[in-house]
Structures are given as structure tokens and as C-alpha cells.
Amino acid sequence: MSVEIIFTALAGAVAGAGSGYLLHQYIASKRLEGAKDLAERILDEARKDAQAERKEYMLQAQDEILGLKREMQAEFKDRERELGRREAKAQEREERLENKVEKLNQKDSELVALEKRLSRQERQLAEKEALLDGQTEEQHRKLEEISGLTAEEARRRLLDEIESQTRHDAARMIRQIEVEASETADRKAKEILASAVQRYAGDFVGENTVATVTLPSEDMKGRIIGREGRNIRALEAATGVDLIIDDTPETVVLSAFSPLRRQIAKLSLERLISDGRIHPARIEDVVKKVEQEMDVKLREIGEQATFDVGVHGIHPDLIRLLGQLQYRTSFSQNVLQHSLEVASLCGIMAAELNLDVKKAKRAGLLHDIGKAVDHEVEGPHALIGADLAKKYGESKDIVHAIAAHHEDTQPTTPLAVLVQAADSLSGARPGARKELLENYVKRLEELEGIATGFEGVSKAYAIQAGREIRVMVDSDKVDDDQTHILCKDIAKRIEENLTYPGQIRVTLIRERRAVGYAK
């Protein structure tokens, strides 16, 4: 700091005095000396700093070298341990392989010994087989000489005897099973019928006990119900029919078991809807008028039926009941039309047998009269009809024929048998119960074709409108025991290949005829 002050003072003096050269030289030399000293100090400090940094770097390098050395030593130790484990595994594997080789060598020697034993046994078996073949051929030859039959003939005869015995055993088992089945058939049938009625009664009732009335608009439902339901209650009370008004658009459902009541309710409701005036008093008047008109109509229908048949002198109440049969169906067949058919058939058969035609027609026309009230009176419709006929003055023959046409009473007169036969013919007629004639004929042809397709069957006839098939068999090809098996086979084939209502009875007939001529 003193040199700089002097330098500044001298520079000021030189500048102020403007003197010369000596002062300038002196100042330059001083500055040079100061610069040299400064440079020496700087160099000394730089040397010191460099030495300090060098020491520091040397220490850091030594630390890094020591760390790397420790890491290398640890890695070398890990590798040595890994190599040791690998050597141990390799040695263990080598020992296992040596054991396996030893075992394989042992098994190889055992196999060689076994092959030798098998070869020896094969040679012994071949020798024994050749010996047995020779002995067997000798025995066969001796047996053929003794029996007079070849081996093939004996084999065939033995198989035939076994087959025949098996068939006889099977037939006996079938008979035994049939006897056991017949003992439990009644109970099983009742159980099956009860189950079927339980499952399908609801659907049947729903389909056959309702009628529908179409409404002109949805507003009409409210008018039919009336204030607080008084109109619908009045209509149900007057007709005895339940009215069901639900979400079905523009439709009212009428539900009742009696088809006549349903018809009266339907006509009354249709008339009320067309008139437009719906209230309890009007409902009662309309229902009474419809009942009177229906009563007249029923009598007209009954009188027309008696006129068509040519029967007269029937009690008016029976004529009215005949008219009610117009609104009754059985197996989709109109009962009145069925009664007219039965009356005509009875008349035809009575004329052929020289019996009373009018009485036969009368019995045929009235045979199902009980169905007009069987939903109101307990019991079979045949017995109900017989009671009605007796009540209204019909003869004993007519009453008996009505009661016996379904064998609720044993038929004892020719008239009763005629009515029974005519009823079966009308019900079994093709097309009478919702079956097309083409389908009916086709089913009969298929039924006969299935039966004649079996070996031993000579002829087959479908009878009873396809409810029964009678099969004629060749007595030389089918024995008595085989008839049971063949009958079961035919029934099973029919079940597998045909679709039919109810059941089909298979009757198999075997007979032997001897024909001789006397000259």
C-alpha cells in the first residue's frame, strides 16, 4: 500500500511539475520491483494451493482404490462360493448318473435273462399248442364220426337251441311281468290320471268354459261396471255367469261351466251394448227376454231334431233338453249332431235286423240326453239320461238302452247293443273329432305297414278307426311263445314311428289249419 501511495504522489508531482526523466525512471523501476514481488507471492501461493489440492486428490484416489479393492475382494469371494456350489451340484449329478448307469446295466442284464426265459416258454407253448391242435382235431373227427354232424352243423344246432331256449325264457318273463303289471295297473292308472288332471285341468277349463264379447270402445267397460260395480253385479246375478273385465282391449270375458248360461249372458250383453241403456232394471228385463227367446229357440231346435229323425211323442221337457245339446260338445264333436247320427245309424241297423226302426231311432236320439244336465246332476251322463227318460215316460227298452250305451249297465237287449254300436261308429268316424280324412287314411296305412314289416307276419288289419290293429302271423314261422315277443316289438315300433291320440291295441293271432279232402 505504501508503494502505491508514493507512486500516486510522484505521479501527481510529475504531472504537476512536468519534470523530467529521472523521476519517471525511478517510478518505473519501483513499479517493476513491486510487480516482481507480487508475482513471487502469487507463485508461492499457487504452489501452496497446488500442493494442497494434490494431497487432497491423492487422498481421494487412495480412498477410491481401497473401496474398489474391497468390492473386488467381495465379488471374488461370491464367485468362489458360487463355483463351490456348482462344483458340489456337478459332483452330485455325476454320482446320480453313475447310479442310473449302474441300475440300467443291472436292468439290461435282467431283460436279457427274461428274454431268454420268454423264448424258452414260447417254444414250449408252441409245442403244446401244436399238440393240442392235433388232439382237438382228433377229438372233432371222432365227435363227427359219432354224431354224424360236421362242426359247423353242430355249432349251428347248438346256437339254434340256445336261441329257442332264450326266446322261451323271455316269453315266460314277459308273461310274468304282464301278470305283475295287471295287478298294479289299476293303481298306477289312477295315479297317472290324477297327475294328468292336475296338470291339464286348468288349461282345459280356461279354453272350454269362457266366451268373449267385443266392445265398440274402451269407454263401454266403465258403463258395464257401473257406479260402484252395480251393473256388473246385476248382470252376474241375473245370468249366473262371471264377467271378467281386464286389460284386454275392447273385450269382456264371460266365464261359466254351463254353455247355455254363457250363451244367454253373451246375447244379453250384446243387446245391452247395442241399446246403450245399461242399468240394473234394464239388465234384468233384457236377461228375462233373452231367456224366453232362448227357451223358444231350444224347443225349436229340439223339435227340428225330432222331425229330422222322424220320432214323435217325446215329452216337451226332453225336447228342450235336446235343444240344449246344440250348445254342448264332446271331444270337439257337437252332441246334438252326434245324437242325430247315432239315431240314423240305429235306424239303418234295426231295419237290417228286422227290429223296430222308430224305437231304435228314438233310443239313438236320446242316448246322450244326460249331457244336457250332467254339469248340474251328479253321476255318469248315461245313468242321468236314463233317469230323465224314465221320469218323462219313455219305455223300459229306451231307458235301458240309454243307461247301457257306455256299459254303466250291462246291455241285455238288442236295442241296447245297437245304440252302443252306433255311438262307437259316430265317435270313431273319420273327421268326426277334428281329424282330417287324409291324415286318418295315412295313419291307417302306416299302421298296417309297420305290422307287415316284421318277419312272420302274413296280414295286418287296422280296425276301430285305427284304435286297434289285428296281426295275422304264419304259424310255421312263429310259435306261441314268440307271439308275445313279436306283439311287444310291433307295439314298440308303433310308439316310435307314429303320432296318435289315446292308445292303439295290438292283437296278434296265430292259428294252425289242417285241410283234407275225402274222395
Stepwise salt bridge (charged side-chain N to carboxylate O under 4.0 Å, His left out) test for K391 and D317: CA-CA 10 Å; K391 177 181 177 182; D317 289 341; over 6 Å; no
Derivation and outcome, side chain to side chain contact (heavy atoms under 4.5 Å, CB included), residues I509 and M472: CA-CA 5 Å; I509 300 172; M472 310 294 180; 3.8 Å; yes
Derivation of the side chain to side chain contact (heavy atoms under 4.5 Å, CB included) call for I278 and I283: CA-CA 7 Å; I278 304 177; I283 289 171; 4.2 Å; yes
CA sep, side-chain torsions, deciding dist, call: Q121, L118, side chain to side chain contact (heavy atoms under 4.5 Å, CB included): CA-CA 5 Å; Q121 290 176 358; L118 290 175; 4.0 Å; yes
Test side chain to side chain contact (heavy atoms under 4.5 Å, CB included) applied to I224 and L215, step by step: CA-CA 10 Å; I224 293 173; L215 304 179; 3.7 Å; yes
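The shortest non-hydrogen separation linking G313 to R362 is O-NH2, 3.1 Å. Nearest heavy-atom pair, N231 versus P280, reported as atom, atom and distance to 0.1 Å: OD1-CD, 3.2 Å. D423 approaches V342 most closely through the heavy-atom pair CA-CG2, 3.9 Å. For the pair A372 and L325, the tightest heavy-atom approach, listed with the atom from each and the gap, is N-CD2, 3.7 Å. Taking every heavy atom of both residues into account, A343 and V309 meet most closely at CB-CG1, 3.8 Å. Taking every heavy atom of both residues into account, I369 and G385 meet most closely at CG2-CA, 3.5 Å.
Atoms CD1 and CG, on I402 and L365 in that order, are 9.5 Å from each other to the nearest 0.5 Å. To the nearest 0.5 Å, atom CG of residue L508 and atom CG of residue L486 are 5.0 Å apart. Note: L267 CG to M294 CE = 5.0 Å, rounded to the nearest 0.5 Å. In this structure, OG1 on T483 lies 11.0 Å from NZ on K488, to the nearest 0.5 angstrom. One distance of note links CD of E291 with OG of S268; it measures 7.0 Å at 0.5 Å rounding. Rounded to the nearest 0.5 Å, atoms CD1 (I264) and CG (L269) are 13.5 Å apart.
Contact annotation: the side chain of L353 approaches that of L418 to within less than 4.5 Å [non-hydrogen atoms, C-beta and beyond]. Taking 4.5 Å as the limit, some side-chain heavy atom of H405 sits within range of a side-chain heavy atom of H381. Side-chain contact between Q337 and L340: present, with at least one pair of heavy atoms (C-beta onward) separated by less than 4.5 Å. Counting only heavy atoms from C-beta outward, the side chains of M220 and V252 never approach each other to under 4.5 Å. You'll find the side chain of L366 reaches within 4.5 Å of the side chain of L322, heavy atoms only. When side chains are defined from C-beta on, L321 counts as touching Q324, because their heavy atoms get closer than 4.5 Å.
Without hydrogens or angle criteria, T507 side chain to R470 main chain gives no donor-acceptor distance under 3.5 Å. A donor-acceptor contact shorter than 3.5 Å is absent between the side chain of R510 and the backbone of D476. N334 places a side-chain N or O within donor-acceptor distance of the main-chain N or O of Q326, the cut-off being under 3.5 Å. A distance-only check finds a donor-acceptor pair linking the side chain of N497 to the backbone of R493 [under 3.5 Å].
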What side-chain donor-acceptor pairs closer than 3.5 Å can you find for residues 408-416, not counting sequence neighbours?
{"unit_1": "T412", "atom_1": "OG1", "unit_2": "H400", "atom_2": "NE2", "d": "3.0"}
{"unit_1": "T413", "atom_1": "OG1", "unit_2": "A416", "atom_2": "N", "d": "3.2"}

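Within 6.0 Å of CZ on R505 lie no more than 12 heavy atoms contributed by other residues, nucleotides or ligands. Under a cut-off of 6.0 angstrom, the local environment of CD in E496 is crowded, with over 12 non-hydrogen atoms contributed by other residues, nucleotides or ligands.
Between K492 and E495, no side-chain nitrogen of the basic residue sits less than 4.0 Å from a carboxylate oxygen of the acidic one, so the salt-bridge criterion is not met.
When only modelled atom types and interatomic distance are considered, H367 and H406 share no side-chain donor-acceptor pair under 3.5 Å.
Within the structure, side-chain hydrogen bond (donor to acceptor under 3.5 Å, both in side chains) contacts touching residues 297-309 (residues at least two apart or in different chains) are D295-R299, K297-Y327, Q304-D308.
For R233, there are no side-chain hydrogen bond (donor to acceptor under 3.5 Å, both in side chains) partners, not counting sequence neighbours.
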